[in-house]
Amino acid sequence: MRTNHKSLHLLPSAGMLGFALGALALFWPLLGAHGRVHWGGDFDSDLMYWIFEWGYSSIWGAGHWADFWQANSFYPHTQSLAYSDSLLTGQLFYGPLRLLGADPLRAMQGTLIAFCLLGCLCSDLALRRAGLTWLERLTVIIIAHFGLATTAFLPGHYQLFAFQLGPACLTFMYLFWRDLKVGDALAAVSLFAFATGFATYFGPMTVALVFPYSLWRLTRLYREVGWRRLCVRLIHPGLLLPTLGILIVLYVVQIHPYLALHHGGIRPSTREIESYAAWADSLFQLGNVYSYWHADAVPRYGAWEYAYFPGYLPLCAALFGLSAVLLHGRGKHAVEKSTLPPGWLVFVAYIFTASWVLSLGPRIELGSLRLPTPYAALRDFMPGFSGIRAPGRFGLYFGLMLGTSLVLLARQLSVFTSGKARAWILPLIALAAAVESLPLTSVYPFQIRHEEFYRSISADLHGNKPLLILPIVGKDHLATLRNIMEQLKGSTLHGSLLPVGYGYRCTAELDRLIDLDRRWMQTDGGGVQLFHYAAGLGIAKVLVFVDDYPQETRSHIVAELKAAGSITRQYPNSCSLVEITPK
């Protein structure tokens with residue numbers, strides 16, 4: 001039933017209203033907090049801060065576009081930004097915000113909000129082309145962009161805001177295969193490139209989903225119009241040339257640096273991937289760490305990587321929608337009294353099912369049997385797919401089906417009602433689903449260790465020069481990672497080139513430095529070797545925070561400092577700047 005109330009014309013667009021409601025619920029803890037805070041409070045969220053600031057300093061600050069990938073980490077290696085996500089397209093929002101005076105945290109949060117706004121507006125446009133009414137579009141947008149299955153992945157993993165463009169990208173792709181219009185194809189490819197420029201694995205994940213559907217549609221279109229007419233439509237200059245241009249730019253600017261760095265075939269281990277893969281019944285696991293209603297059940301470490309339980313109402317609606325597709329001839333009977341096109345229902349049901357299957361990772365265990373999945377085949381044969389560490393994140397694609405199924409459920413319920421009550425069914429269902437999806441996000445104080453100190457001595461360090469900061473090693477592995485992350489954040493203030501870095505792989509140089517620093521901390525004579533090794537890497541300055549070492553080892557460290565090099569500057573809080581002669 002199509003709603004024709006004139007009052008709807010006085011309301012904002014469904015995309016704008018959906019964004020306003022969803023973003024307010026998601027970002028309120030950040031917007032309402034005092035002082036410097038951010039989501040997550042862990043290594044990944046800190047890493048995003050450093051990446052944004054590095055991009056800003058290289059592009060907007062120094063204007064060295066060619067040096068964007070030459071991040072000040074993992075020295076002496078080049079293109080080290082490709083060890084993690086680049087967030088490159090985010091600089092189109094982050095850079096102007098910083099130039100307008102926003103501090104890094106607010107600029108970063110503003111960039112994430114901008115991705116939500118862009119995604120919602122594009123989804124509204126695409127869903128309107130797909131044939132959905134204003135209320136239907138609003139419902140789908142709220143669930144697809146801010147539903148529980150989506151927001152579960154966002155806090156602490158800011159690069160996943162690229163998937164805010166996923167619903168619109170997929171919908172425009174569906175529209176292209178339905179109508180073969182150039183504008184739909186260009187919109188899909190543009191959104192695909194923009195999202196991949198923010199989170200690289202958006203590319204292989206999305207291609208893995210749409211390729212089988214596209215192949216099926218090609219076969220159908222061939223049967224309907226023949227190869228000649230189909231090729232004429234697909235090789236249209238207005239489609240082919242701009243599409244190739246966008247993809248070539250994406251490859252040269254974004255993809256090639258990753259391929260150049262990872263040409264050796266380094267990829268996450270199968271064991272690591274399986275630890276972040278969803279379970280076959282993850283859809284029905286009621287624990288979700290980012291939900292107000294199910295926040296207590298976190299089965300084990302890493303649960304946030306596959307916590308995609310979508311809520312009771314969206315899940316029941318999705319099962320109803322899948323049943324409609326499977327039992328009623330591609331959904332024709334189920335949608336005959338609604339505005340939902342049968343082809344659209346088939347498409348979102350396919351995306352939902354394929355996403356769930358891929359979220360299970362490389363294999364499924366059934367008793368003593370270990371069965372391979374399509375994920376295993378894609379990992380071996382599809383370019384870029386082997387770098388995906390967390391299959392559970394395919395749950396980010398559930399939103400289109402969940403929102404569409406709520407619309408379908410409301411339209412079917414309207415058959416049993418009459419009069420004015422019918423108009424309230426969809427708004428009430430959408431409200432109930434939105435309340436169930438309210439995100440529970442925590443904020444944490446943000447600080448940079450030794451921040452004021454770095455600001456005061458930045459002139460002594462002469463940025464863009466190699467610098468070793470000690471200690472690197474901590475009391476355990478997580479403490480070591482924390483030291484590394486604090487060094488990266490501090491480098492946004494002094495700009496030196498650091499041998500430390502963070503990502504899903506490491507370097508032999510960093511491993512060696514950590515080992516020597518550990519020996520030094522354990523009074524095992526590693527100090528002199530540590531300085532000699534640093535000199536061999538071309539590092540001429542070492543900044544040693546003696547008070548950051550365990551108290552029982554500090555006197556030993558001070559003694560070895562004097563033996564290893566000349567302390568050129570002595571600062572408060574027992575910090576020494578040591579000059580060494582590079583070999």
Side-chain angles (χ1 to χ4, degrees), residues 19-20 22-65 67-69 71-73 81 84-121 145 151 154-165 194-195 197-200 253-254 441-449 451-452 454-455 458 463 485-495 502:
F19 159 76
L24 182 64
L26 181 61
F27 288 94
W28 177 253
L30 288 174
L31 300 177
H34 298 287
R36 295 200 299 176
V37 298
H38 66 154
W39 277 324
D42 59 10
F43 306 132
D44 288 320
S45 53
D46 285 347
L47 179 68
M48 298 299 105
Y49 176 92
W50 169 73
I51 293 176
F52 270 123
E53 271 296 277
W54 166 257
Y56 171 74
S57 64
S58 62
I59 295 177
W60 301 94
H64 297 158
W65 291 73
D67 294 335
F68 175 76
W69 293 96
N72 62 329
S73 64
L81 190 60
S84 187
D85 296 284
S86 70
L87 312 180
L88 174 58
T89 51
Q91 287 297 327
L92 296 177
F93 303 114
Y94 185 86
L97 288 172
R98 291 284 284 119
L99 292 173
L100 290 173
D103 66 74
L105 279 177
R106 291 301 187 188
M108 180 170 63
Q109 293 154 11
T111 300
L112 305 183
I113 292 175
F115 265 80
C116 292
L117 176 60
L118 178 61
C120 289
L121 294 179
H145 290 271
T151 57
L154 298 182
H157 295 89
Y158 302 163
Q159 71 274 29
L160 297 182
F161 274 87
F163 289 81
Q164 287 287 309
L165 306 184
F194 200 85
F198 195 75
T200 311
V253 174
Q254 178 73 17
T441 55
S442 300
V443 295
Y444 300 85
F446 179 84
Q447 59 183 0
I448 298 176
R449 189 188 299 170
E451 179 173 356
E452 293 304 321
Y454 285 137
R455 293 185 187 277
S458 58
M485 195 54 59
E486 289 297 335
Q487 290 191 26
L488 289 177
K489 289 192 299 181
S491 73
T492 63
L493 303 173
H494 57 73
Y502 184 82

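Just so you know, these numbers use all the heavy atoms, side chains as well, and skip hydrogens, waters and symmetry mates.
- Minimum interatomic distance between Thr200 and Asp85 (heavy atoms only, all atoms of both residues): N-OD1, 3.4 Å.
- Of the possible donor and acceptor atoms, one in the side chain of Glu486 sits under 3.5 Å from a partner among the backbone N and O of Arg449.
- Between Ser84 and Leu47, the shortest heavy-atom distance links the atoms OG-CD2, 3.5 Å.
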Exercise. Under the side chain to side chain donor-acceptor pair (under 3.5 Å) criterion, do Asn72 and Trp50 qualify, and how do the steps go?
Worked result: CA-CA 10 Å; Asn72 62 329; Trp50 169 73; 3.2 Å; yes

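- Distance alone, capped at 3.5 Å, is enough to place a donor-acceptor pair between the Lys489 side chain and the Gln447 backbone.
- Using a distance-only test at 3.5 Å, with no hydrogens or angles considered, no donor-acceptor pair links the side chain of Gln164 to the main chain of Cys120.
- One distance of note links CD of Gln487 with OH of Tyr454; it measures 6.0 Å at 0.5 Å rounding.
- Residues Ser458 and Arg455 approach most closely at OG-O, 3.3 Å, considering heavy atoms.
- Taking CG of Leu165 as the start and OG1 of Thr89 as the end, the distance is 8.0 Å to the nearest 0.5 Å.
- Rounding to the nearest 0.5 angstrom, the gap separating the CG atom in Leu31 from the CZ atom in Arg106 is 6.5 Å.
- Put simply, the side chain of Ser45 does not reach to within 4.5 Å of the side chain of Tyr444, judged on heavy atoms.
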Problem set entry | Criterion side chain to side chain contact (heavy atoms under 4.5 Å, CB included) on Tyr56 and Leu97, from CA distance to verdict | CA-CA 10 Å; Tyr56 171 74; Leu97 288 172; over 6 Å; no

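- Annotation: side chain of Phe27 is not in contact with side chain of Thr441 (no heavy-atom distance under 4.5 Å).
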For this session: Take Phe19 and Leu121 through the side chain to side chain contact (heavy atoms under 4.5 Å, CB included) test and state the conclusion after the steps.
Result: CA-CA 8 Å; Phe19 159 76; Leu121 294 179; over 6 Å; no

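- When side chains are defined from C-beta on, Gln254 counts as touching Trp69, because their heavy atoms get closer than 4.5 Å.
- Looking at every heavy atom in both residues, Leu488 comes nearest to Ser73 through CD2-CB, 3.9 Å.
- Considering only heavy atoms from C-beta on, Trp54 stays 4.5 Å or farther from Ser491 through its side chain.
- Ring geometry for Phe194 against Phe93 counts as perpendicular: the plane angle is over 60°, on a 0 to 90° scale with 30° as the lower cut.
- Side-chain atoms of Trp60 do not come within 3.5 Å of backbone N or O of Gly55 as any donor-acceptor pair.
- Here the straight-line distance linking atom CZ of Phe43 with atom CG of Asp46 works out to 8.5 Å at 0.5 Å rounding.
- The distance from the CG atom of Asp67 to the CD1 atom of Ile59 is 10.5 Å, given to the nearest 0.5 Å.
- Residues Phe446 and Val37 have side chains not in contact (no heavy-atom distance under 4.5 Å, counting atoms from C-beta outward).
- Side-chain contact between Tyr94 and Glu53 is present, with at least one heavy-atom pair separated by less than 4.5 Å.
- Once rounded to the nearest 0.5 Å, the distance linking CG of Leu160 with CG of Asp44 reads 9.0 Å.
- Nearest approach of Ile448 to Arg36, heavy atoms of both residues: N-NH2, 4.4 Å.
- Below 30°, between 30° and 60°, or above 60°: for His38 and Tyr158 the angle between ring planes is above 60°, a perpendicular geometry.
- Side-chain atoms of Pro104 and Tyr49, non-hydrogen and from C-beta on, do get closer than 4.5 Å to each other.
- When side chains are defined from C-beta on, Leu154 does not count as touching Phe163, because their heavy atoms never get closer than 4.5 Å.
- Among all heavy-atom pairs drawn from Gly197 and Ser86, the shortest one is O-OG, 3.6 Å.
- Proximity of a side-chain donor or acceptor of Gln91 to a complementary backbone N or O of Phe52 within less than 3.5 Å is detected.
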